[in-house]
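Down below is the structure, laid out as structure tokens.
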Amino acid sequence: MPTITLPDGSCRSYDSPPTAAQVAADIGAGLAKAALGAKINGTLCDLSTRLEHDCALAIVTAKSRDGQPDADGLMLIRHSCAHVMAEAIERLFPGTALVYGPALESGFYYDMAFPAGRAPSTDDFAALESEMAKIIAENRPFTRTDLPLDAGMEKLNREGSKFKIDNAQRARDGGSATLSWYTTGTPGSNWEDLCRGPHVPSTGRIGAFKITMLASSYWKGDESLDRLTRVYGTAFATKAELEAHLAQVEEAKKRDHRVLGKQLRLFHIDEMVGQGLVLWTPRGAVVRQELQNFISDELRVQGYQQVFTPHIGKLDLYRTSGHFPYYKESQFAPIIDHDEMSKLAAEGCSCGELANRLGSGSVDGYLLKPMNCPHHIRIFASEPHSYRDLPVRLAEFGTVYRWEQSGEIGGLTRVRGFTQDDAHLFVREDQVADELIGCLSLVKLIFGTLGMNDYRVRVGLRDPASDKYVGDPSNWDKAEEACRNAARSLGVPFSEERGEAAFYGPKIDFVVRDVIGRSWQLGTVQVDYNLPVRFDLSYIGADNKQHRPVMIHRAPFGSMERFVGVLIEHFAGAFPLWLAPEQVRVLPISEKSAAYADEVLAALRSAGLRATIDSGNERVQARIRDASEAKIPYLAVVGPRDAEQRAVSIRAFGTDANLGELPLGEFLAGVTGEYTSRGHESLKSKFVRRQPS
RNA sequence: GCCACCCUAGCUCAGUGGUAGAGCAAUGCUUUCGUAAAGCAUAGGUCGUGGGUUCGAGUCCCAUGGGUGGCUCCA
């Protein structure tokens, strides 16, 4: 006699265990028709699941109560659509081995192994989609069959797919008591797939779908295992929702920093210069310089000292730090001087031999620096330090070079040369906690000032099973605890992730998403007990003995390139006044106002503002349009009327109309205030308040 | 590095083996204008690069560079 509790708190009792579908039907015919699945005690299940015991039940439909697509409903639809796609592919591409096909946040994929040379291409999408449409039109039920582990494994061994056998083994290792198959239709006669489920009741419940792309993947994400083909798609309950989603994806592409970067002429990446090497054009350089000024002001307040170091260093420096051996594959190849090169050539040294000798240290060279820390460490070590001097905080906008894989490079977010707003703090152990909090406050200040609230915090810890990490485990424990405590002090949720630490220490990362949903690490703070050991750093303590300092590595922006890339998307290219490459554009109504317009321009420039004039031959309307497309914060339109009153007519970006006239002096003061306060004071808001409407 | 797709004028794109096109931008002229595109004209391309097939290649094939989306990697 199970009692079923519904989300509204009401209960229903049954004499014999009903299925979730029966309960839905008892609640109402409409719900029964709309039902896609069930949530039983919070677990997503098939609608056909029999409710043997008392439980909390929620019927899952395609729409939540707020009218938006329901996340669970979408999950069911997409996972089911992955099956339909797999069936269509197996039909059109015989010999395909299925591997794994989950639902995703915005769609689904299915990994498959195709016979050599028989993989589909994007040209096959239309045929596959029409095959899928047929399966959906047939509206065949998703039928679940459970087999005991032994019988299930036997069936899989008979069928012989190593991928499915592996999936089953993992299910077994995960504690599953049975193995389940889903047939689209009648078991024995229709297509089936080993699957944990759940699914929608029948294929007809998949409303609208689209195959979106092909990619390669590795079995279990391991590049030493089989190369698979991953087919991506997405599905929604209705065609309208699918179209809305696709439109939204198109819309997001318009604020992609690569698109806006070109449109607004913020940066350029040139084939002739090299992949992943960013050329900051004048307008983008302004944004970067303003950000650097902003953080530099704050560093002075916090007692940092600015240093400059070269772009290369001796290879041995990076052998000592560990960077060269640990990241050999992802660095630019070492630079070897002419004499050494001639000598090696005379000896007939092969490339392989050269690599060996560079590794062992019997040949030295120089390395484009992959990190700034070794240089800063040598500055710290260049003079003795008393415990009274600590913390020593050395800051540099340091440019580093990394040999990223070619397929990974793109835009400003993943590049081969980038500038970190880097600093290294050499601290006593008793100072670690306070200094960490100081570093985090910088990151918070940056995110707060720029209005970037949509980030997550990740504490990256070492993976005890990996041999990638250097140093004493007890120091690691201390460092990890320090990071955890500092992260707690932030007052925002954070996740702890094993295996995300740097090789020399744990870290706290700030991660944001770009417009197409990819995550990027921006700010980072890392605790390091190991490099001070490797470089034998010390300071003289109060006891007149030598002590080992602890290092903190931190970069609140992370890399200027990546940060600006994300920032362009955050503002959709419409930078606030203090960052805007062009802050004010003066628009004379006609040549008759040219003299006064020049006067306004000169006044703006002497006030330290980035101002230009557009005295082109176009009508004002056209020039306003140009300026709007350039996303310039303020337009100062001047005509004879303004000249007479020594005023300007203001138009602000984001407002559709002329805000009215303002005396020139007042405008200058307002814009300057907004600039120097980095947006704390806003001329626009003052101005808008003055307007009666 | 792997898989798929893409590369045509400064930009966005059309061009399905038969004489390289459009819009915007640029330049010149006319217009001197009060808040999101005035009019006319001109110029601009060995179709990423190198091979090949063909009577003929922007179009088909091969190689190579670059880009985009995934995978892997990311100090």
Side-chain angles (χ1 to χ4, degrees), chain A residues 104 109 111 114 119-125 212-225 227-232 249 253 256 258-259 262-263 265 269-272 274-276 318 321-324 326-327 329-331 369-374 400 402-411 413-415 420 460 468 470 500-505 507 509 516-518 520-521 524 526 528 531 553 555 559 562 587-594 615 617-629 635 637-642 649-651 655-661:
Chain A
L104 302 171
Y109 67 79
D111 276 345
F114 290 95
S121 85
T122 46
D123 293 339
D124 300 308
F125 284 4
T212 51
M213 62 182 174
L214 287 173
S216 85
S217 62
Y218 302 107
W219 190 25
K220 299 192 231 182
D222 183 337
E223 62 184 324
S224 67
L225 299 179
R227 299 249 148 96
L228 306 173
T229 300
R230 179 170 294 183
V231 190
Y232 280 88
V249 169
K253 280 185 193 158
D256 187 311
R258 291 162 298 196
V259 173
K262 189 174 270 183
Q263 256 169 35
R265 294 158 52 222
I269 297 170
D270 195 287
E271 210 177 306
M272 281 185 88
Q275 247 193 321
Y318 302 101
S321 70
H323 292 108
F324 183 64
Y326 274 86
Y327 294 102
E329 301 308 313
S330 44
Q331 286 161 352
K369 69 178 171 186
M371 286 284 270
N372 299 305
C373 24
V400 297
R402 297 180 187 172
W403 187 260
E404 302 288 359
Q405 296 185 79
S406 62
E408 195 49 67
I409 291 170
T413 41
R414 195 74 183 268
V415 293
Q420 298 176 310
K468 145 180 175 188
V470 296
E500 287 294 323
F503 75 86
Y504 48 73
K507 53 182 188 161
D509 291 332
I516 47 180
R518 292 177 297 197
W520 300 102
Q521 176 201 307
T524 181
Q526 312 174 354
D528 177 8
L531 290 182
H553 309 236
S559 109
R562 180 176 287 178
L587 298 183
I589 294 289
S590 75
E591 277 171 23
K592 290 174 189 158
S593 309
S615 42
N617 209 7
E618 299 294 327
R619 290 162 64 210
V620 198
Q621 285 92 323
R623 284 177 286 146
I624 284 176
R625 186 184 142 95
D626 289 347
S628 300
E629 288 189 339
L635 303 187
V637 180
V638 296
R641 216 161 58 213
D642 303 280
S649 297
I650 310 302
R651 197 178 164 112
T655 56
D656 290 337
N658 180 6
L659 292 179
E661 291 187 4

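So you know, we letter chains A, B, ... as the sequences are listed, proteins then strands, and number each from 1.
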inquiry  = Tell me whether the side-chain N or O atoms of A:E591 pair up with the base of B:U32 as donor and acceptor below 3.5 Å, since no angle test is needed here.
reply    = yes
message = Check this for me: does the side-chain of A:N658 come within 3.5 Å of the base of B:G34 through a donor and an acceptor?
response = no
ask   = With rounding to whole Å, what would you report as the distance between B:C3 and B:C60 at their C1' atoms?
value = 23 Å
inquiry  = From C-beta outward on A:T122, which listed nucleotide comes closest to its side chain: B:G65, B:C5, B:U35?
reply    = B:C5
key: Side chain A:R402, main chain A:P370, donor-acceptor under 3.5 Å   = yes
inquiry  = Would the base of B:A36 count as contacting A:R651 through its side chain, where contact means a donor and an acceptor less than 3.5 Å apart?
reply    = yes
Spacing of A:D123 atom CG relative to B:C3 atom C1', expressed in whole Å = 15 Å
key: Nearest-nucleotide comparison on RNA chain B, the residue closer to the 5′ end among A:Y504 and A:Q405   = A:Q405
message = Would you measure the distance from the C1' atom in B:A25 across to the matching atom in B:A43 and give it in whole Å?
response = 13 Å
message = With nearest nucleotide decided by heavy atoms, which residue, A:P120 or A:Q521, maps closer to the 5′ end of RNA chain B?
response = A:P120
ask   = Between B:A75 atom P and A:Y318 atom OH, what is the distance in whole Å?
value = 17 Å
query = Has the side chain of A:S590 got a donor or acceptor that lies under 3.5 Å from a partner of the other kind on the base of B:C33?
reply = no
message = Taking only the P atom of each, what is the distance from B:U68 to B:U8 in whole angstrom?
response = 14 Å
B:C61 versus B:G70 - spacing of their P atoms, nearest Å = 27 Å
inquiry  = Let's test your reading of the model: under 3.5 Å, does the base of B:C73 pair with the side chain of A:R414 as donor and acceptor?
reply    = yes
ask   = Roughly, in whole Å, what's the span from CD1 in A:I409 to C1' in B:C2?
value = 15 Å
task = Pick the P atom in B:C40 and in B:A22, then give their distance to the nearest Å.
result = 15 Å
request  = Please state the C1' separation for the pair B:U31 and B:A37 - nearest whole angstrom.
outcome  = 16 Å
inquiry  = Heavy atoms only, 4.0 Å cut-off, all strands: where does A:Q331 land among base, sugar-phosphate and nothing?
reply    = base
request  = Describe, in one word, how the ring planes of A:Y109 and A:Y232 are oriented to each other, choosing from parallel (under 30°), tilted (30 to 60°) and perpendicular (over 60°).
outcome  = tilted
Aro-ring/base stack A:Y326-B:A75, d under 5.5 Å, angle under 30° = no
query = Between A:L228 and A:W219, which heavy-atom pair has the shortest distance, and what is it?
reply = CD1-CA, 3.6 Å
Side-chain donor/acceptor of A:Y218 to base of B:G1, under 3.5 Å = yes
Protein-nucleotide distance (A:M213, atom CE; B:C71, atom C1'), rounded to Å = 10 Å
ask   = How far does the P atom of B:G39 sit from the matching atom of B:G23, given to the nearest Å?
value = 12 Å
ask   = Would a distance-only check, ignoring hydrogens and angles, find a side-chain to backbone donor-acceptor pair under 3.5 Å from A:R414 to A:I409?
value = no
key: Polar pair under 3.5 Å, donor/acceptor by atom type, side chain A:S217, base B:G70   = no
B:G10 and B:U49, which share atom name P, separated by this distance in whole Å = 13 Å
query = Does any donor-acceptor pair link the side chain of A:S330 with the base of B:A75 at a separation under 3.5 Å?
reply = yes
message = Is a donor from one side chain sitting under 3.5 angstrom from an acceptor on the other, for A:N658 and A:S649?
response = no
ask   = Just how far, in rounded Å, is P of B:C40 from CG of A:N617?
value = 15 Å
inquiry  = Rounded to whole Å, please give me the gap between OH in A:Y232 and P in B:A4.
reply    = 15 Å
remark   = Whole-Å distance, A:R230 CZ to B:A4 P, equals 16 Å
ask   = When we call it a touch if two heavy atoms are under 4.0 Å apart, what does A:S121 touch: a base, just sugar-phosphate, or nothing?
value = sugar-phosphate
note = A:R619 CZ to B:G34 C1', in whole Å, measures 11 Å
ask   = Got a donor-acceptor contact below 3.5 angstrom from the A:Q331 side chain to the A:H323 backbone?
value = yes
ask   = Does the gap between the ring centers of A:Y327 and A:Y318 come in under 6.0 Å?
value = no
